[in-house]
Amino acid sequence: MINDQPNIDAKLLKPYDPKETEDRIYKMWEESGFFNPDVCIEKGVTESDAKPFSIILPPPNVTGTLHLGHAAMLTIEDIMIRYARMKGYRTLWLPGTDHAAIATQSKVEKILEKEEGKRKNDLGREEFLKRVEVFAQNSHDTIVSQMKKMGTSVDWSREAYTLDEKRNFAVRTAFKKMYDEGLIYRGNRIVNWDPKGQTVISDDEIVYEERKAKFYTFKYSKDFPITISTTRPETKIGDVAVAVNPEDERYQKYVGKTYEIDNFCGGKLTIKIIADKAVEKDLGTGALGVTPAHSQIDAEIATRHNLPTKQVINEYAKMISTNEELNGKKTTEAREIIVEWLKKEGLLEKEEEVTQNISTAERTGGIVEPLPKLQWFINVNKPVPSRDNKSLKELMLEPVRNGKINITPNQFEKVYYNWVENLRDWCISRQIWYGHRIPVWYKGDEIYCGLEAPKEDGWEQDSDTLDTWFSSGLWTFSTLGWPDLNATDLKTYHPTNVLETAYDIIFFWVARMILMSTYILGEVPFRTVYFHGLVRDAKGRKMSKSLGNMIDPLDVIEKFGTDAVRMSLIIGTGPGNDSKMSEDKIKAYKNYANKLWNITRFVLSSTENLKYNPAFNQYKEKEIELIKERDEVLKIITKEMDENKFYLVGDKIYQYTWARFADVIIEESKEIILNGTDEEKLSRKYFLLNTLVDILKVLHPFMPFVTEEIWNLMPVDNKKLLMVEKWPN
RNA sequence: GCGCGAUUAGCUCAGUUGGUAGAGCAACUCAUUUACACUGAGAAGGUCGGGGGUUCAAGUCCCUCAUCGCGCACCA
């Protein structure tokens with residue numbers, strides 16, 4: 001075909017080719033500097049006194065590559081950001097990655113084991129950490145290139161890492177502040193010990209798995225008056241009491257008595273009978289063998305009744321016992337030995353099959369063993385003098401209750417309250433190597449907490465690191481220059497406008513950010529929380545490697561183009577709802593990108609050498625009607641954008657361009673342009689041209705590449721990049 | 001055990017304050033080189049999970065049941 005229309009670029013004569021276009025456009029955006037709000041002001045596309053709009057990117061873990069969930073997050077946030085930028089806000093989207101302490105470390109441990117047959121102790125702390133850093137760097141680089149593929153308009157000049165020097169300083173500063181105010185303390189308490197990962201984990205890092213177990217009912221000895229039940233007979237050598245409900249008449253007469261048992265599986269026990277309301281009458285025999293060292297509830301009961309603690313299981317999930325037969329045995333082996341002994345002695349009364357939830361560690365899969373340990377905690381109940389004597393719990397509840405933080409969809413507010421209200425002290429120390437080292441030093445009995453190591457000799461730093469969520473909690477302000485309270489970014493962009501993330505980290509992260517920000521800065525970290533759901537496969541199943549139903553964002557981008565992938569992740573997906581993804585759906589939006597391409601070809605070829613002219617006012621009646629209709633659609637679109645209803649807007653633009661603009665308006669234009677009067681022709685042509693420009697603008701946040709590429713080809717005077725053009729009103 | 005969500009066309013989902021059920025995809029019929037085949041036109045497809053209630057009027061509000069999914073707690 002010969003290109004005989006000089007104002008039509010030759011590339012419009014072929015179908016739209018995302019592969020040829022997208023990387024080139026992204027480079028153009030990057031080189032323009034407009035991702036950086038300072039450059040926008042400098043170059044006059046944003047007013048210097050414009051209102052700020054900021055989002056801090058939830059930092060992806062450097063444990064691998066991005067999946068479709070990340071792609072959805074990046075798309076939603078990019079839509080918010082591009083919209084804000086076009087609306088004239090001083091718009092900052094700050095990117096970063098997360099060191100993800102335990103997740104990254106266990107990943108590298110697995111690789112080390114598989115590829116070299118080595119364990120981390122074979123390398124030593126320093127050498128192992130070097131390996132982790134190389135791995136983290138590679139993951140980081142992959143993630144950055146994937147983000148660029150997705151079209152994310154983040155300000156790379158402000159990129160942060162949760163474990164870099166600045167963030168480490170912020171972490172030390174925050175820790176010291178909390179320590180000095182008595183909110184961080186070191187205590188010997190029952191913690192969740194992961195024998196596989198050899199570290200403590202927080203309550204939230206536990207994953208419950210349903211398994212079949214045996215429920216044994218027995219007596220300690222023939223003379224003992226009360227029968228008890230347990231699924232873990234091996235812990236019973238650590239029992240110090242039997243607790244019953246104060247209102248349980250069956251056992252009243254025994255309460256207060258103490259029994260000496262000379263031989264319970266080769267050891268001695270001293271059992272006191274106590275009454276405690278935590279015991280349920282109807283569960284098991286209604287009597288509970290109290291094992292303070294290996295059960296959270298038992299430890300609480302023991303504290304209330306001043307009972308001793310007797311540890312019988314060590315860090316390797318092996319037994320500690322005076323009985324040689326048990327000592328050093330795995331808990332499962334010890335269980336069998338004890339059950340055999342009970343049978344032999346005629347003490348076992350019943351053995352039932354039950355299903356129980358066992359606690360496993362999220363990252364390693366190890367079975368969690370409750371153990372007494374000396375660890376660091378954040379006290380969530382203590383009144384904070386510097387915050388009107390409110391506790392951290394109250395500080396966390398307040399802004400959500402009074403609406404300073406708005407959670408979308410709002411059913412998550414209840415979930416949040418429920419979690420905060422039942423929150424226990426947060427265990428923040430971890431016995432792993434990759435992470436922020438605890439800024440505490442010891443010398444004999446002395447303890448020092450400070451930003452730097454003490455000058456004198458003989459001090460040794462705590463070998464533990466911090467829970468990764470401690471540094472993540474600071475993320476909204478550690479990225480903006482805190483602890484420098486005069487930092488321009490901190491003053492300009494905090495509190496941030498929106499936190500957009502997956503709902504599954506509401507406790508891990510959202511709650512911890514609210515805790516840190518309200519305590520440290522006395523202000524909320526963000527005004528709106530917008531939760532997106534999980535991206536599932538076409539059948540609604542979770543994507544997983546074992547099911548083989550993973551969709552790699554890069555694969556579908558290669559096949560259909562980024563714009564199509566973005567649209568398919570947005571449309572049909574309300575906040576907080578899981579969405580389903582299939583290649584068919586993506587393909588439909590690839591067709592749409594091409595439709596837009598051809599609409600452009602038609603409009604440009606039928607308007608010859610006319611230029612975009614929003615000031616044109618010689619419209620005929622027909623076009624006046626069409627403009628009214630168009631502006632009504634634009635008005636609704638803007639309203640829904642302000643309400644973050646992107647799934648509705650995306651579909652609305654799609655509908656308007658295809659079903660209305662292409663199928664009806666363009667079709668009838670053919671007749672007008674052929675046989676109309678000169679005035680009618682001109683009126684119609686300007687309508688087509690001007691409306692196409694509006695479509696490109698409102699579609700830009702959703703499909704930034706194809707719209708920017710078409711914008712390139714449009715006859716518009718004094719053109720800037722579409723990404724910094726003004727949103728139509 | 002407590003709580004949350006979902007249930008609308010074959011599939012994925014909209015449905016704003018109650019006012020005659022709506023889109024995309026798929027399938028079906030027709031058109032056939034068009035700005036675009038990554039196309040157009042058309043037709044078909046639903047007792048809105050069941051039951052009850054409020055109302056002139058219920059997909060929408062209330063009660064109840066069912067199924068599915070999720071969170072939290074318990075797990076002696």
Side-chain angles (χ1 to χ4, degrees), chain A residues 5 8 12-17 203-204 208 210-211 213 215-217 227-233 235-236 239 242-244 278-280 282-291 295-298 301 354-359 409-419 421-422 503-504 506-507 533-534 536 538-540 542 560-561 564 567-568 571-574 576-606 636 639-640 643 645 647-648 650-652 654-655 658-659 662-664 666-667 669-670 688:
Chain A
Q5 290 157 320
I8 304 280
L12 269 176
L13 300 177
K14 285 180 276 176
Y16 172 62
D17 178 10
D203 296 343
D204 302 282
Y208 294 102
E210 209 169 74
R211 291 201 192 164
F215 193 49
Y216 303 95
T217 302
T227 312
I228 58 164
S229 306
T230 185
T231 52
R232 300 199 60 192
T235 63
K236 296 290 107 182
D239 280 12
V242 165
V244 298
V279 181
E280 284 179 45
D282 305 326
L283 200 61
T285 63
L288 162 67
V290 181
T291 324
S295 156
Q296 188 76 45
I297 290 198
D298 293 12
I301 293 173
V354 290
T355 51
Q356 67 164 4
N357 287 326
I358 62 153
S359 312
N410 62 16
Q411 71 252 28
F412 285 104
E413 286 182 6
K414 269 193 187 169
V415 179
Y416 177 83
Y417 295 142
N418 185 265
W419 182 83
E421 280 158 7
N422 294 304
Y503 62 73
D504 58 354
I506 179 169
F507 309 137
L534 289 142
R536 296 169 177 279
K539 291 174 186 159
K542 215 167 173 171
F560 304 107
M567 277 297 260
S568 66
I571 294 177
T573 311
N577 288 328
D578 293 352
S579 62
K580 296 185 180 127
M581 181 47 60
S582 64
E583 292 209 352
D584 273 352
K585 192 173 167 188
I586 308 174
K587 195 176 150 207
Y589 295 108
K590 181 187 161 74
N591 294 352
Y592 176 57
N594 193 55
K595 187 74 184 179
L596 196 69
W597 192 251
N598 282 298
I599 285 171
T600 307
R601 176 171 160 189
F602 175 84
V603 171
L604 293 190
S605 65
S606 8
I636 296 168
K639 182 172 162 276
E640 288 175 342
E643 293 165 352
K645 290 180 177 165
Y647 53 108
L648 296 181
D651 196 48
K652 205 151 280 164
Y654 179 95
Q655 272 333 306
W658 201 317
D663 289 347
V664 177
I666 283 186
E667 286 311 314
S669 299
K670 289 175 183 171
L688 290 176

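FYI, side chains are in, hydrogens and waters are out, and symmetry mates aren't considered; it's all heavy atoms of this structure. Every chain is numbered from 1 and lettered A, B, ... according to where its sequence line falls, protein lines coming before strand lines.
- Under the Watson-Crick or G-U wobble criterion, with both distances below 3.5 Å, rA35(B) is left unpaired in every strand shown.
- Within the structure, every side-chain polar atom (N or O) of Trp419(A) is placed at least 4.0 Å from both OP1 and OP2 of rA73(B).
- Contact annotation: Lys670(A) side-chain N/O to rA35(B) OP1/OP2 distance is under 4.0 Å.
- Nearest-nucleotide positions on RNA chain B for Tyr654(A) and Tyr208(A) put Tyr654(A) closer to the 5' end.
- For the pair Gln296(A) CD and rC75(B) P, the interatomic distance rounds to 11 Å; values are reported in whole Å.
- Listed pair Ser605(A) / rA35(B) fails the phosphate criterion, with no side-chain N or O lying under 4.0 Å from OP1 or OP2.
- Distance CD1 (Ile586(A)) to C1' (rC11(B)): 16 Å, rounded to an integer number of Å.
- Regarding contacts with the backbone of rC4(B), a side-chain N or O of Lys414(A) is found under 4.0 angstrom from either OP1 or OP2.
- Rounded to a whole Å, the CG atom of Asp584(A) is 16 Å from the P atom of rG24(B).
- A straight line from OH of Tyr417(A) to P of rC4(B) spans 14 Å, rounded to a whole angstrom.
- For rC36(B), its base sits under 3.5 Å from the side chain of Lys595(A) at one donor and acceptor pair at least.
- Just one of Val354(A), Leu288(A), Thr285(A) meets the side chain to side chain contact (heavy atoms under 4.5 Å, CB included) condition when paired with Ser229(A); it is Thr285(A).
- Nucleotide rU12(B) has rA23(B) as its partner under the Watson-Crick or G-U criteria, with both atom distances under 3.5 Å.
- rA66(B) and rU7(B) make up a base pair, with Watson-Crick or G-U wobble contacts both under 3.5 Å.
- The CZ-C1' distance, from Arg601(A) to rA35(B), rounds to 6 Å in whole Å.
- The partner of rA73(B), taking Watson-Crick or G-U wobble pairs whose two distances both stay under 3.5 Å, does not exist in any strand shown.
- Nucleotide rG46(B) has no partner under the Watson-Crick or G-U criteria, as no pair reaches both atom distances under 3.5 Å.
- Exactly one residue among Asp298(A), Ile301(A), Ile297(A) makes a side chain to side chain contact (heavy atoms under 4.5 Å, CB included) with Thr291(A). That residue is Asp298(A).
- Residue-level contact check: Leu12(A) touches neither bases nor backbone, having no heavy atom under 4.0 Å from any strand.
- Put simply, OH on Tyr589(A) is 15 Å from P on rU12(B), counting in whole angstrom units.
- In terms of phosphate contacts, Lys645(A) brings no side-chain nitrogen or oxygen within less than 4.0 Å of OP1 or OP2 of rG15(B).
- For the pair Lys236(A) (side chain) and Gly289(A) (backbone), a donor-acceptor distance under 3.5 Å is present.
- Map Tyr16(A) and Ala278(A) each onto its nearest nucleotide of RNA chain B; the residue landing nearer the 5' end is Tyr16(A).
- To the nearest angstrom, C1' of rG71(B) lies 12 Å from CG of Asp204(A).
- Val279(A) comes within 4.0 angstrom of a nucleotide base, judged by non-hydrogen atoms across all strands.
- The partner of rC30(B) is rG40(B), by the rule that a Watson-Crick or G-U pair needs both atom distances under 3.5 Å.
- In this structure, the nucleotide among rC75(B), rG24(B), rA76(B) sitting nearest to the side chain of Asn357(A) is rC75(B).
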Report task. Apply the test side-chain contact (heavy atoms from CB on, under 4.5 Å) to residues Ser669(A) and Leu688(A): give CA-CA distance (whole Å), side-chain angles for both, the deciding distance (0.1 Å), then the verdict. Result -> CA-CA 9 Å; Ser669(A) 299; Leu688(A) 290 176; 3.9 Å; yes
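- In the interface, the side chain of Glu667(A) is paired with the base of rA35(B) through a donor and an acceptor atom under 3.5 Å apart.
- Using a 4.0 Å heavy-atom criterion, one finds that Leu283(A) contacts the bases of the nucleic acid, with or without backbone contacts as well.
- One interatomic measurement links the two molecules: CD of Glu280(A) to P of rA73(B), which rounds to 16 Å at whole-angstrom precision.
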